[in-house]
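This report concerns only the one structure given below.
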Amino acid sequence: MIDTKTVNGKEFEKALAGGITYLKAGEETLNNLNVFPVPDGDTGTNMSSTANGALHAASCDSIGEYTAAAASGMMRESRGNSGVILSLFFRGMAKALNGLEKADPQAMLDALRAGYKGALSAVAKPMEGTILTVMRECCSEDIDAPDISHLLGVVLARAEDVLAKTPDMLPALKRAKVVDSGGQGFVFMLKGMKLALDGEELPAMTDSQAAAAKPEDEGAEAPFEEMAEEEITFGFCTEALLDRNSDTSDEGIAEFRRMISDMGDSMVFVSDEELIKLHIHTNEPMTVLAAATALGQIVKIKIENMRVQHTGFIQKGAEEKEERSLIEKGGEVLEGILSTVAEKLPKKKDRNAEPVINKPYGIAAVCEGDGMMDAFRQAGALAVIDGGKSMNPSINDIIDGIRECEAETVFVLPNNKNTVMAAEQAAQLCPESDVRVIKSVTMIEGISAAMGFNPVRGTDENEEMMNQAAASVKTLSFSRAAKDAEMEDVTVKKKQYIGILGGKILSSEDTLEQSVAALLEKAGEADFYTVYYGHGVKENDAAQIAALIEDTVEDAEVVLVNGGQKLYPYIISAE
């Protein structure tokens, strides 16, 4: 354990690394708590992605210099309501620590208070019972602490205490029987920071530890299936990071903020001399972004359809995570964690470089799973965009894919209905190419569309034929149900095998074979089937599903492909 009477930049860096690691381990827990402001199940993902931005900050002895760099990294990578608020908290801390080589307990307490004020100032309509309440109450009273470790211990205890009370402050939390997800994420950060500063190993995060701050008898996760999609008033989570124009006035900033405040809710907005960060839930994302371009040059954009997120969160399978978090690798010490994590982060591409155009046509496809990526390459895609398990890449990722094609005309295959709008926005930001977004909403439709491309045809004809090819194929997806649910056409029981066709759950059976047979009947016969089996599925098991199709559908031709996808153990193409 190090002497923490004062903490310098490298010591704070070590503490922050512990906080990020603990937060990452609790990512899925936070997603399962996320019911406010909308039940879209992404708080953990957003907070973890935001915090990872600090890993790009260079080590230095000065705590003022280090926290400034770490906060800037968080701001640039911030996602979602809670993620943006988290980045603003550390930005406020950095301002308070500016010019200091080391911080003593009083300076650190003052920085925590400045962090809360910085986060609060950017939130248009703060509400009690959220992450802001936890941030405020954990440092509101004076603390006579002999060192930083003791200070963090008191701050953590206060944060846990107020977190347990959040269901009494927000009806949405009380109804769902959970604490605030953002507040829980902030508690995870504080816990990891203290453990790291004390030189303790970070333990594996068990369910009981993750739920420790919940009120007695409260549920471990929110009942998303009981929350109506109609409760989401403003459907698009819209975010933008801009480099502020040198001639943008403070009055212009204030006028923009007033204008968009009436266009949605959950608005978080902050600006300084260099950057502008915007987060808002709205039904008019394009209008908001168009107005924002008058203030500065867009660096990052993210638009997510929260109604689709909410529906997908209900439907997703309950399979265990195959990749363990850093914390779950028991026995490792914290030393070297920053370099280890940084090596795994994707390298930043130079988006300021002049785009290269050297071929007439290209196809860029969003997909996930090594086998699925190979399938798209074999179908003619010049660029495969890793959509991650949720198939929801950022607009910048799609732009990178478009430019990787180096083509005059690029056909983008979003392969997820939640990604279509992001692809359309990316197309507008690549004026060097004629970008056509094909309306493929599954990877199966995307592969069919890619195979429908013919370089002899013109651009318009190819676009039409690729859209027709996407619409001609049926996608049958299978997974395990995470919860009981009453769907429009079927009753779902937890751990049953569900079958999805046309975006709807149409079969739910005790065995996979029964679910496949039921969905095949509802899908109607086809001539050609391709069974893509996912990550962790054995080929022999997949072969039994292929045999079932051959036995069920007369004269059917069935091909087996190792897709490697993670969300659905089995995806079947019927055409």
Side-chain angles (χ1 to χ4, degrees), residues 224-225 308 311-322 367-372 375 387-391 415-418 440-448 473-526 528-553 556-575:
F224 287 87
E225 69 279 1
V308 172
T311 302
F313 197 82
I314 294 173
Q315 295 177 354
K316 75 173 185 178
E319 69 270 15
E320 296 292 326
K321 288 187 119 179
E322 291 83 1
C367 54
E368 70 98 2
D370 292 342
M372 298 302 294
K389 187 175 177 180
S390 64
M391 283 290 290
N415 301 332
N416 184 327
K417 62 181 178 181
N418 197 27
S440 57
V441 296
T442 69
M443 289 191 285
I444 299 302
E445 292 183 6
I447 290 174
S448 181
V473 67
K474 294 179 181 178
T475 303
L476 291 70
S477 305
F478 300 89
S479 188
R480 298 290 294 274
K483 306 176 176 64
D484 293 349
E486 285 292 336
M487 311 304 292
E488 181 180 347
D489 299 299
V490 65
T491 298
V492 177
K493 298 297 183 183
K494 184 177 181 179
K495 293 187 178 180
Q496 281 189 326
Y497 290 86
I498 58 174
I500 303 170
L501 176 66
K504 293 183 178 181
I505 298 177
L506 296 182
S507 68
S508 185
E509 305 290 345
D510 292 332
T511 70
L512 175 63
E513 290 77 10
Q514 290 172 336
S515 192
V516 171
L519 197 61
L520 283 172
E521 182 178 350
K522 294 182 179 181
E525 291 188 359
F528 189 84
Y529 294 85
T530 304
V531 179
Y532 296 90
Y533 59 97
H535 184 80
V537 177
K538 295 179 180 178
E539 185 175 357
N540 288 341
D541 293 336
Q544 293 181 21
I545 300 301
L548 171 63
I549 298 173
E550 291 174 338
D551 292 340
T552 304
V553 184
E557 183 178 349
V558 184
V559 174
L560 203 59
V561 176
N562 183 354
Q565 72 277 359
K566 294 180 180 179
L567 182 56
Y568 297 108
Y570 291 94
I571 302 176
I572 300 174
S573 165
E575 53 188 316

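- At least one donor-acceptor pair under 3.5 Å links the side chain of Lys522 to the backbone N or O of Leu506.
- The two residues Ile545 and Glu513 make their nearest non-hydrogen contact at CD1-OE2, 4.2 Å.
- Considering Ile572, Thr530, Val473 in turn, Val473 is the only one that fulfils the side-chain contact (heavy atoms from CB on, under 4.5 Å) rule with Ile444.
- Not counting sequence neighbours, Glu525 has no partner by the side-chain hydrogen bond (donor to acceptor under 3.5 Å, both in side chains) test.
- With rounding to the nearest 0.5 angstrom, the OG atom of Ser479 is 7.0 Å from the CD1 atom of Ile500.
- Shown here for Tyr570 and Leu512, the closest heavy-atom pair between the two residues is CE1-CD2, 3.2 Å.
- To the nearest 0.5 Å, the span separating CG on Asp551 from CD on Gln544 amounts to 11.5 Å.
- Taking all atoms of both residues into account, the shortest heavy-atom contact from Ser507 to Ala518 is CB-CB, 3.9 Å.
- Counting only heavy atoms from C-beta outward, the side chains of Met443 and Ile571 approach each other to under 4.5 Å.
- Heavy atoms from other residues, nucleotides or ligands lying under 6.0 Å from CG of Asp541 number more than 12.
- Between Ile498 and Val492, the closest side-chain pair of non-hydrogen atoms falls below 4.5 Å.
- Using modelled atom types, one side-chain atom of Asn416 and one backbone atom of Met391 make a donor-acceptor pair closer than 3.5 Å.
- For Glu368 (side chain) and Lys566 (main-chain N/O), a donor-acceptor pair under 3.5 Å exists by modelled atom type.
- The nearest pair of heavy atoms linking Leu548 to Ala517 is CD2-N, 4.4 Å.
- Checked by atom type and distance alone, the side chain of Arg480 pairs as donor or acceptor with a backbone atom of Lys495 at under 3.5 Å.
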Next item on the list: Apply side-chain contact (heavy atoms from CB on, under 4.5 Å) to the pair Leu560 and Glu539, showing each step before the final yes or no.
Entry: CA-CA 9 Å; Leu560 203 59; Glu539 185 175 357; 4.2 Å; yes
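- Without hydrogens or angle criteria, Tyr568 side chain to Gln565 main chain gives no donor-acceptor distance under 3.5 Å.
- In this structure, the side chains of Val559 and Phe528 come closer than 4.5 Å at one or more pairs of heavy atoms.
- Of all heavy-atom pairs between Ala523 and Leu476, the closest is CB-CD2, 4.2 Å.
- Under the 4.5 Å side-chain criterion, counting only non-hydrogen atoms from C-beta, Leu519 is in contact with Phe478.
- For the pair Val561/Tyr533, no side-chain contact is recorded, criterion being any heavy-atom separation below 4.5 Å from C-beta on.
- Contact check for Asp510 versus Gln496: side-chain heavy atoms found under the 4.5 Å cut-off.
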Checklist line | Audit row: Glu445, Ser448, side-chain hydrogen bond (donor to acceptor under 3.5 Å, both in side chains) steps and yes/no | finding: CA-CA 5 Å; Glu445 292 183 6; Ser448 181; over 6 Å; no
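- Side-chain contact check for Tyr529 versus Leu520: some heavy-atom pair is nearer than 4.5 Å.
- At most 12 non-hydrogen atoms from other residues, nucleotides or ligands lie less than 6.0 angstrom from CD of Glu521.
- Distance check: Thr475 OG1 to Glu575 CD gives 9.5 Å after rounding to the nearest 0.5 Å.
- Proximity of Met372 to Ile447: side-chain heavy atoms (C-beta onward) are separated by under 4.5 Å at one or more points.
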